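In what follows, a structure is listed as structure tokens, so that the remarks can point back to it.
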Amino acid sequence: MSQPTFDADGITLEKVREYVWEIPQEGDMRAPARVLASEPLLEEIKEDKTLEQIKNTTHLPGITKYAICMPDGHQGYGFPVGGVGALDAEDGCISPGSVGYDINCGVRMMRTNLTYDELRGNERELVDSLFANVPSGLGGGGIVESGVDTVDEILARGVDWALEHGHAIESDLLHCEDEGMREGADPSKVSQKAKDRGKNQIGSLGSGNHFLEVQRVTDVFDDDVGEAFGLEEDQIVVLIHCGSRGLGHQTCNDYLRKIEKQHKGLLDRLPDKELAAAPAGSQLAEDYYGAMNAAINFAWVNRQLIMHRTREVFERVFERPWEEMEMELLYDVAHNIAKKEVHEVDGENRELYVHRKGATRAFPAGHPEVPKAYRDVGQPVIIPGSMGAGSYVLRGGEQSMDLTFGSTAHGAGRLMSRTQAKNEYWGGDVRDELEDQQGIYVKAQSGATVAEEAPGVYKDVDEVVRVSDALGIGDKVARTFPVCNIKG
DNA sequence: ATGTTC
């Protein structure tokens, strides 16, 4: 008896087991592709170029085991958003196109000890004060504006720079991947132009889907892990979603241009030029890795400065020291990176460039890279939903190392393009509806951005998380619901 | 995502 299949306009997926679908290797594919999704999600995923794109990624040299599309997968630049590709770090490649333009776009969650009842009535003042004090939108400056010397230090030292300059406390570093400082960052590989773009954007949200949201915890599904994460029902938390701004964008652009010149042979063999890659071991691969790691540090500092500024805003609104409100970083996760990691493949340990594009590292309990505070339960995974839907906190699941190179989904995933969204929605109406019907206060620089980010343009985050939990790659810990949101 | 069109 043959396995059930799913036909998606020319691409046939074979069901491996519940929520695991495979596009078999054929032609020039170097490995199969896997899609981790329920059938309702697959019906949405097949509507754009996601499946074609995940198939294309299997042409990258050194692709190991299989390319993976997460349940929130959607069409991206070359590599699908919600994609994981592990490429051999010795004889494979690193792909700037696959990491994408927003290097270390990611989210962090900060706890407070405030309850929703204590916050009630202050929503308007809070959202206005956050909006006034956290730079957002295109242009608009940063919390720190300085010369490229400062940018160089940030690129090299990450959050350690923020600690020295009074924008962080020690425990912030301990609750960030790599303690907020990526090894192998090489500021000299980041162009002057990228640094110039970044120097006035240190501590700024940016635009698009980036936001700062005050939320309340509505559910804790796992009491033990919830306790380890310091989460309980009705508690107020803050979620910050942003990336490396113009600096990361320029860095991606710079290296795509270099690949066109220096590795055209490899580029021409790829089915999609947007997957542009540099061969492992080449000078350009090393240079990109140094530059990308530096941009990762920049994004961490960006989120750190915004978080620290948020503490100061809460101090003014609630008239007490932020320490008293126990405003501590839960964790910071990167959604767009490549990282050298050692994974067991067919009983052998191999060094791989794990590309996670719109995907989150989800290391399980016991993994040495999980911070000590969470080592017994697994790393926190933060999954933002849309403005109207709220978000999830998961923990890295036991199956993640076997199934997904220690990864899970990163969000709800878009259902329609930004252009389409602006045709369907009007920003002012979306904002009014969120406030009147759900009591969610939204303040944005641009109405167009609100339309582009209307709750209806996103997949059902509940379904995405249900699949992650069922597969055991990221387990449900808590759910949050928006109180107020600022964006670009 | 993005000095929103190299």
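Order of the sequence lines sets the chain letters (A, B, ...), proteins ahead of strands, with each chain counted from 1. These figures come from a predicted structure and were not determined experimentally.
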Inset, instruction - Report the C-alpha distance between A:E435 and A:R124 in whole Å, list the side-chain angles of each, state the deciding distance to 0.1 Å, and finish with yes or no for salt bridge (charged side-chain N to carboxylate O under 4.0 Å, His left out). - result: CA-CA 11 Å; A:E435 187 171 321; A:R124 176 66 71 193; 2.9 Å; yes
Inset, instruction - Round to a whole Å and report the spacing from NE2 of A:H210 to P of B:dT4. - result: 16 Å
Inset, instruction - Mind checking the NZ-NZ spacing from A:K264 to A:K273? Nearest 0.5 Å is all I need. - result: 7.0 Å
Inset, instruction - Can you sort out which residues in residues 404-432 of chain A have a heavy atom within less than 4.0 Å of DNA chain B? Ascending by number, please. - result: A:R418
Inset, instruction - Only one of A:Q304, A:R309, A:H308 passes side-chain contact (heavy atoms from CB on, under 4.5 Å) with A:I143; say which it is. - result: A:R309
Legend entry - Over 12 non-hydrogen atoms of neighbours within 6.0 angstrom of NZ in A:K49: no
Legend entry - Any donor-acceptor pair under 3.5 Å from A:D475 side chain to A:G397 backbone: no
Legend entry - Atom pair CG/CG of A:N302 and A:L205 - distance to nearest 0.5 Å: 7.5 Å
Inset, instruction - Could you list by number each residue of residues 243-267 of chain A showing a heavy-atom separation from DNA chain B of less than 4.0 Å, or answer none if no residue does? - result: A:R245, A:G246, A:H249
Inset, instruction - Scan A:K193 against the nucleic acid and name what it touches under 4.0 Å (heavy atoms): base, sugar-phosphate only, or nothing. - result: base
Inset, instruction - Specify the residue among A:G208 and A:L138 whose closest nucleotide of DNA chain B lies further upstream toward the 5′ end. - result: A:G208
Legend entry - Point-to-point distance, once rounded to the nearest 0.5 Å, from CZ of A:F131 to NZ of A:K487: 11.0 Å
Legend entry - Pair A:D88-A:R30, salt bridge (charged side-chain N to carboxylate O under 4.0 Å, His left out): steps then yes or no: CA-CA 12 Å; A:D88 196 287; A:R30 293 169 188 259; over 6 Å; no
Inset, instruction - Select base, sugar-phosphate, or nothing to describe what A:Q201 touches, counting heavy atoms under 4.0 Å on all strands. - result: sugar-phosphate
